[in-house]
Amino acid sequence: MKIKSKPLEILIQTIFQKAGCKKIEADRIAEYLTRASLVGHDSHGVIRTPRYVDMIKDGHIVPNVKPQILMDSNNFSIVDGVDGFGQTVGPFSCMLGIKKAKKYGNSIIAVKNSGHLGRIGDFSEMAAAKNLISIHFVNSIAGLLVSPFGSWERRFSTNPFSAGVPIKNNNPFILDFATSLVAEGKAYVAHQGGKAIPKDALINDKGNDTNDTSVLYGTKDPNAKSSRGGTGALKPFGLHKGSGLSFLCEFLAGALTGSGMGREDKSKPFRNGMLSIYINPSKYVSGKDYNDEIKRYIKFFKSAKPIVDGNEILMPGEPELRNKNDRLKNGIPMTKITWDAITETANYLKIDKNLITKCL
Ligand SMILES: NC(=O)c1ccc[n+]([C@@H]2O[C@H](COP(=O)([O-])OP(=O)(O)OC[C@H]3O[C@@H](n4cnc5c(N)ncnc54)[C@H](O)[C@@H]3O)[C@@H](O)[C@H]2O)c1
């Protein structure tokens with residue numbers, strides 16, 4: 001089925017307001033989740049709504065927090081997300097990093113105790129819109145899902161990495177991915193009957209590759225809510241290289257921020273840590289030489305012959321822009337299970353049924 005994005009954003013906004021968020025926070029959560037769905041990252045989009053509402057109900061996330069700056073210097077700050085929504089903590093820390101990099105040329109912002117930060121590329125886009133390069137390393141405690149290279153036992157979260165580079169008179173370069181072969185949300189979409197994941201995306205407790213998502217959720221039930229039940233794991237992308245990058249995310253986003261590195265404590269709620277680096281190129285390089293070199297290279301990059309005739313070589317960020325244009329016009333594709341879960345949450349919160357029907 002296809003869902004209209006604007007009424008969907010209003011529905012999601014209303015859900016979060018009813019669930020206890022002030023309008024300004026509910027607006028922000030709805031905007032970020034809808035945008036992730038629009039750009040094609042359904043795993044980090046509106047599908048998260050029922051889980052986030054459950055987290056409020058269970059006291060695992062605190063609505064309406066004001067993130068605290070624990071330590072502040074010209075180029076390095078530590079932000080405590082005080083267990084609030086990632087859609088509040090993430091933009092707060094990103095705006096701080098942007099302000100500092102504009103003034104001092106570069107900045108590093110360490111974030112701890114944040115709720116799920118969602119699509120990390122949002123922060124690369126925010127910085128690029130202000131003409132800044134940014135690099136983001138993310139980890140999580142209590143979200144063990146991924147095995148290190150050579151094992152099936154979980155030692156990492158899906159530890160995403162993102163980077164953005166603004167390009168004069170062009171859309172920015174936005175690289176944004178989980179360091180697992182597929183993001184957990186994509187396994188969840190497959191578990192619910194959506195797009196299948198690659199045959200070697202998971203590993204079972206015998207050390208064999210599989211795409212049977214029950215090794216993650218511990219059940220074939222498509223409504224399984226927890227990924228903690230299974231005895232297998234998601235595999236890191238790129239063999240030992242992805243495993244190494246994920247480890248680096250643990251150091252930077254877990255240890256350096258004080259958020260904590262991965263651990264086997266099932267009693268702790270999910271928290272993201274994030275270390276972001278912001279660079280203001282205009283403070284360091286000559287605008288013309290820098291921009292001309294980038295322009296030349298993009299042309300060269302794009303001139304590579306495609307393997308399949310008629311295909312195009314895309315820059316990171318381009319698939320998301322194309323999805324956004326298509327989905328704004330034609331609606332967001334969604335499985336019935338995902339839509340039913342969202343409407344069930346809306347009904348539980350006694351939300352006006354018209355807001356639901358307007359989405360269809
Ligand atoms: N908050 C968290 O804890 C958390 C954890 C994991 C993932 N995530 C988010 O999940 C989302 C999905 O991650 P993913 O690993 O599924 O992403 P993915 O595998 O779809 O990769 C996306 C990246 O690859 C680029 N790309 C895709 N196809 C391309 C092509 N044909 N040519 C050139 N570039 C191409 C995209 O532009 C993008 O930069 C991301 O937004 C990530 O930040 C968040």
Is it the case that [X] and [Y] place a side-chain donor and acceptor less than 3.5 Å from each other?
{"X": "E9", "Y": "Q13", "answer": "no"}
{"X": "S157", "Y": "S140", "answer": "yes"}
{"X": "N139", "Y": "N159", "answer": "no"}
{"X": "K353", "Y": "N347", "answer": "yes"}
{"X": "H136", "Y": "S276", "answer": "yes"}
{"X": "S77", "Y": "D72", "answer": "yes"}
{"X": "S43", "Y": "E184", "answer": "no"}

Would a 4.5 Å heavy-atom cut-off, applied to side chains only, mark [X] and [Y] as touching?
{"X": "W339", "Y": "I356", "result": "yes"}
{"X": "I61", "Y": "Y52", "result": "no"}
{"X": "R28", "Y": "I24", "result": "yes"}
{"X": "F300", "Y": "S303", "result": "yes"}
{"X": "D176", "Y": "S124", "result": "no"}
{"X": "M334", "Y": "I47", "result": "no"}

Kindly indicate, with the supporting measurements, whether the criterion side-chain contact (heavy atoms from CB on, under 4.5 Å) is fulfilled by M126 and M95.
CA-CA 8 Å; M126 267 177 81; M95 282 187 277; 3.7 Å; yes
Compare every heavy atom of G230 with every heavy atom of R154, then report the nearest pair and how far apart it is.
NH2-O, 3.5 Å
What about V89 and I78, same hydrophobic cluster or not, with Ile/Leu/Val/Met/Phe/Trp/Tyr joined at side-chain heavy-atom distances under 4.5 Å?
no
Let me confirm one number: the NZ-CD1 distance from K100 to I98, rounded to the nearest 0.5 Å.
13.0 Å
Main-chain N/O of N204 paired with N208 side-chain donor or acceptor, under 3.5 Å:
no
Cation-pi check, R51 onto Y188 ring (under 6.0 Å, within 45° of axis):
yes
Should the pair K168 and Y290 be classed as cation-pi, given the thresholds of under 6.0 Å to the six-membered ring centre and 45° from the axis?
no
Should K22 and E25 be marked as a salt bridge (charged side-chain N to carboxylate O under 4.0 Å, His left out) after you check the CA-CA gap, both sets of side-chain angles, and the distance that decides it?
CA-CA 5 Å; K22 288 188 179 147; E25 180 163 76; over 6 Å; no
Chi angles and distances behind the side-chain contact (heavy atoms from CB on, under 4.5 Å) call for L202, L216:
CA-CA 8 Å; L202 297 160; L216 214 53; 4.0 Å; yes
Linking directly or through intermediates, with side-chain heavy atoms under 4.5 Å: list the remaining ILVMFWY members grouped with F149, chain and number order.
L239
Regarding K302 and E312, does a basic nitrogen lie under 4.0 Å from an acidic carboxylate oxygen?
yes
Please determine if K23 and D27 form a salt bridge, counting it only when a charged side-chain N lies under 4.0 Å from a carboxylate O.
yes
When the aromatic ring centroids of H60 and F270 are compared, is their separation below 6.0 Å?
no
Around Y284, counting heavy atoms of other residues, nucleotides and ligands shown, do more than 12 lie under 6.0 Å from its OH?
yes
Specify whether F237 and F177 have parallel, tilted or perpendicular ring planes, treating 30° as the upper limit for parallel and 60° as the lower limit for perpendicular.
perpendicular
With S282 via side-chain contact (heavy atoms from CB on, under 4.5 Å) - residues at least two apart
N280
Full working for side-chain contact (heavy atoms from CB on, under 4.5 Å) between F156 and L144:
CA-CA 5 Å; F156 304 126; L144 287 186; 5.7 Å; no
Walk me through whether F251 and L256 qualify under side-chain contact (heavy atoms from CB on, under 4.5 Å).
CA-CA 6 Å; F251 280 127; L256 197 56; over 6 Å; no
So if I apply the side-chain hydrogen bond (donor to acceptor under 3.5 Å, both in side chains) rule between D42 and each of R48, R327, K195, which one comes out positive?
R327
Criterion salt bridge (charged side-chain N to carboxylate O under 4.0 Å, His left out) on E320 and K324, from CA distance to verdict:
CA-CA 6 Å; E320 285 76 8; K324 192 171 166 190; over 6 Å; no
